[in-house]
Amino acid sequence: MSNREQEAAELTRSGNALAKQGDLAGALKIFARAAGLAPHIPETLNNLGYALICTGNPQGAVPILQNAVKLADHRVEFHSHLALALELCGLDDQALDHFMIAARLQPGLCITQWNLGLMLENLGRRIEARECFHRALQIDPNSATAHWYLSMSLLLEGNFQAGWRAYEYRWGSERFPSRRRNFHQPQWEGSPLHGKTILLYSEQGF
């Protein structure tokens with residue numbers, strides 16, 4: 001390993017530490033320095049590309065992640081990150097291609113299946129999307145995110161009984177934007193409310 005590669009590796013470790021602490025802007029600067037020193041190392045490019053996505057610059061991430069994929073087209077996470085950047089740029093067809101590649105490279109990984117399913121859902125290919133969500137749940141029956149995504153597909157179809165049941169899993173998904181509020185009082189399960197009081201609060205949106 002050359003001196004430049006060693007320095008890039010040290011910078012990458014520092015960048016990862018900052019990212020874990022939530023300092024994405026600081027991590028981005030360090031990853032950019034590492035990529036400047038070792039642009040031929042795909043992991044370095046992937047780190048930089050994903051940091052650009054997380055800091056709101058998917059357009060800048062696309063060419064960097066494309067280079068990472070060219071250098072290591074067998075890496076699932078590279079294709080997944082590139083697909084995400086392309087999707088955020090509105091390039092849905094290209095994003096779908098890379099989500100499909102990721103799912104094909106590692107079909108036994110739950111996240112690759114529900115990532116692909118969500119992309120298909122966004123493109124209106126609902127039947128294929130549900131197949132992906134069901135495959136994800138076959139891999140990991142406890143995946144809250146897969147249940148949540150499946151629920152939205154079912155609700156859009158009008159299957160409210162199964163859809164609302166699956167929707168309860170949303171609280172366990174790291175991707176769900178709201179956090180569950182905890183109260184001493186029990187959650188309402190549909191029992192008669194005569195003589196009782198119910199509290200309604202906003203969960204998401206309006």
Side-chain angles (χ1 to χ4, degrees), residues 8-9 12 15-16 19-20 24-25 27-28 30-32 34-36 38-140 143-154 156 169-170 173-177:
T12 297
N16 287 333
K20 288 180 180 179
L24 295 176
L28 175 60
I30 291 180
F31 288 145
H40 59 288
I41 298 178
E43 290 82 2
T44 304
L45 297 176
N46 179 63
N47 286 338
L48 175 58
Y50 190 61
L52 285 166
I53 292 173
C54 293
T55 52
N57 186 8
Q59 294 87 353
V62 167
I64 292 167
L65 291 168
Q66 285 173 332
N67 286 334
V69 166
K70 287 178 183 177
L71 291 167
D73 65 355
H74 63 288
R75 296 288 293 272
V76 172
E77 65 272 30
F78 295 1
H79 285 282
S80 295
H81 291 162
L82 176 55
L84 176 59
L86 290 165
E87 181 184 3
L88 291 171
C89 291
L91 302 171
D92 290 349
D93 289 338
Q94 295 181 46
L96 178 61
D97 289 341
H98 287 281
F99 278 130
M100 284 182 166
I101 292 171
R104 188 165 62 246
L105 285 171
Q106 202 160 353
L109 193 62
C110 184
I111 188 173
T112 64
Q113 295 297 334
W114 53 248
N115 265 336
L116 175 57
L118 185 60
M119 187 74 249
L120 289 165
E121 184 73 47
N122 292 339
L123 291 171
R125 296 163 62 172
R126 199 159 293 149
I127 294 175
E128 295 170 87
R130 280 199 299 276
E131 290 174 354
C132 290
F133 298 143
H134 284 300
R135 281 198 296 271
L137 289 170
Q138 287 174 351
I139 297 166
D140 181 6
S143 171
T145 299
H147 279 288
W148 175 38
Y149 287 162
L150 174 61
S151 76
M152 292 189 288
S153 181
L154 292 169
L156 285 168
Y169 281 88
R170 69 196 183 280
S173 174
E174 294 181 355
R175 292 195 166 194
F176 191 64

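In this chain, numbering begins with 1 at the start of the sequence shown.
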(message) Just to verify, what does Phe78 make a ring pair (Phe, Tyr, Trp, His ring centres under 6.0 Å) with, not counting sequence neighbours?
(response) none
(request) Would you list the pairs meeting side-chain hydrogen bond (donor to acceptor under 3.5 Å, both in side chains) in which at least one residue belongs to residues 58-72, sequence neighbours left out? (result) none
(request) Check salt bridge (Lys or Arg N to Asp or Glu O under 4.0 Å) between Arg75 and all other residues, then give those that pass, not counting sequence neighbours. (result) Glu43, Glu77
(message) List the residues meeting salt bridge (Lys or Arg N to Asp or Glu O under 4.0 Å) with Glu131, not counting sequence neighbours, and say none if there are none.
(response) none
(message) Give me the atom names and distance for the closest heavy-atom approach of Tyr149 to Trp114.
(response) CE1-CE3, 3.5 Å
(message) Quick check: closest heavy atoms across Ala34 and Thr12, and the distance to 0.1 Å?
(response) CB-OG1, 3.8 Å
(message) Testing the basics here: between Phe99 and Leu116, what is the closest heavy-atom pair and its distance to 0.1 Å?
(response) CB-CD1, 4.0 Å
(message) A side-chain contact here means heavy atoms from C-beta on lying under 4.5 Å apart; do Leu96 and Leu120 qualify?
(response) yes
(request) Kindly compute the distance separating CG (Leu71) from OG1 (Thr44), expressed to the nearest 0.5 Å. (result) 10.0 Å
(message) Nearest 0.5 angstrom please: Leu154 CG to Phe133 CZ, how far?
(response) 9.5 Å
(request) Applying salt bridge (Lys or Arg N to Asp or Glu O under 4.0 Å), name anything that partners Arg125, two or more places apart in sequence or on another chain. (result) Glu128
(message) What I'd like to find out is whether the side chain of Phe176 reaches to under 4.5 Å of the side chain of Thr145, using heavy atoms alone.
(response) no
(message) On a heavy-atom basis, which atom in Cys110 and which in Ala136 lie closest, and how many Å separate them?
(response) SG-O, 3.4 Å
(request) Could you name each residue pair satisfying salt bridge (Lys or Arg N to Asp or Glu O under 4.0 Å) that touches residues 108-124, not counting sequence neighbours? (result) Glu121-Arg126
(message) Looking at every heavy atom in both Ala95 and Met119, which two are closest together, and how far apart are they?
(response) CB-SD, 4.0 Å
(message) Could you check whether any side-chain heavy atom of His98 comes within less than 4.5 Å of a side-chain heavy atom of Leu65, counting everything from C-beta outward?
(response) no
(request) State which residues pass side chain to side chain donor-acceptor pair (under 3.5 Å) with His81; sequence neighbours excluded, sorted by chain then number. (result) Asn46
(message) List the residues meeting side chain to side chain donor-acceptor pair (under 3.5 Å) with Thr55, not counting sequence neighbours, and say none if there are none.
(response) none
(message) Given 3.5 Å as the limit, does a donor-acceptor pair link the side chain of Gln113 with the main chain of Pro107, or not?
(response) yes
(request) Name all residues meeting the salt bridge (Lys or Arg N to Asp or Glu O under 4.0 Å) criterion together with Arg104; count only those two or more places apart in sequence or in a different chain, and write none if there are none. (result) none
Name each donor-acceptor pair under 3.5 Å that joins a side chain in residues 84-93 to protein atoms two or more places apart or in another chain, with its distance.
{"from": "Glu87", "atom 1": "OE2", "to": "Asn122", "atom 2": "ND2", "distance (Å)": "3.3"}

(message) Testing the basics here: between Gln106 and Thr112, what is the closest heavy-atom pair and its distance to 0.1 Å?
(response) O-OG1, 3.1 Å
(message) Measuring from atom CG of Leu52 to atom CG of Leu24, what distance do you get when rounded to the nearest 0.5 angstrom?
(response) 11.0 Å
(message) His134: which residues meet the side chain to side chain donor-acceptor pair (under 3.5 Å) condition with it, sequence neighbours left out?
(response) none
(request) Could you list the residues that satisfy side chain to side chain donor-acceptor pair (under 3.5 Å) with Arg130, not counting sequence neighbours? (result) Ser153, Glu157
(request) Please assess His79 against Val69 for the test side-chain contact (heavy atoms from CB on, under 4.5 Å), listing each intermediate value before the final yes or no. (result) CA-CA 7 Å; His79 285 282; Val69 166; 3.4 Å; yes
(message) Would you compute the distance between atom CG of Asp140 and atom CD1 of Ile111 and round it to the nearest 0.5 angstrom?
(response) 11.5 Å
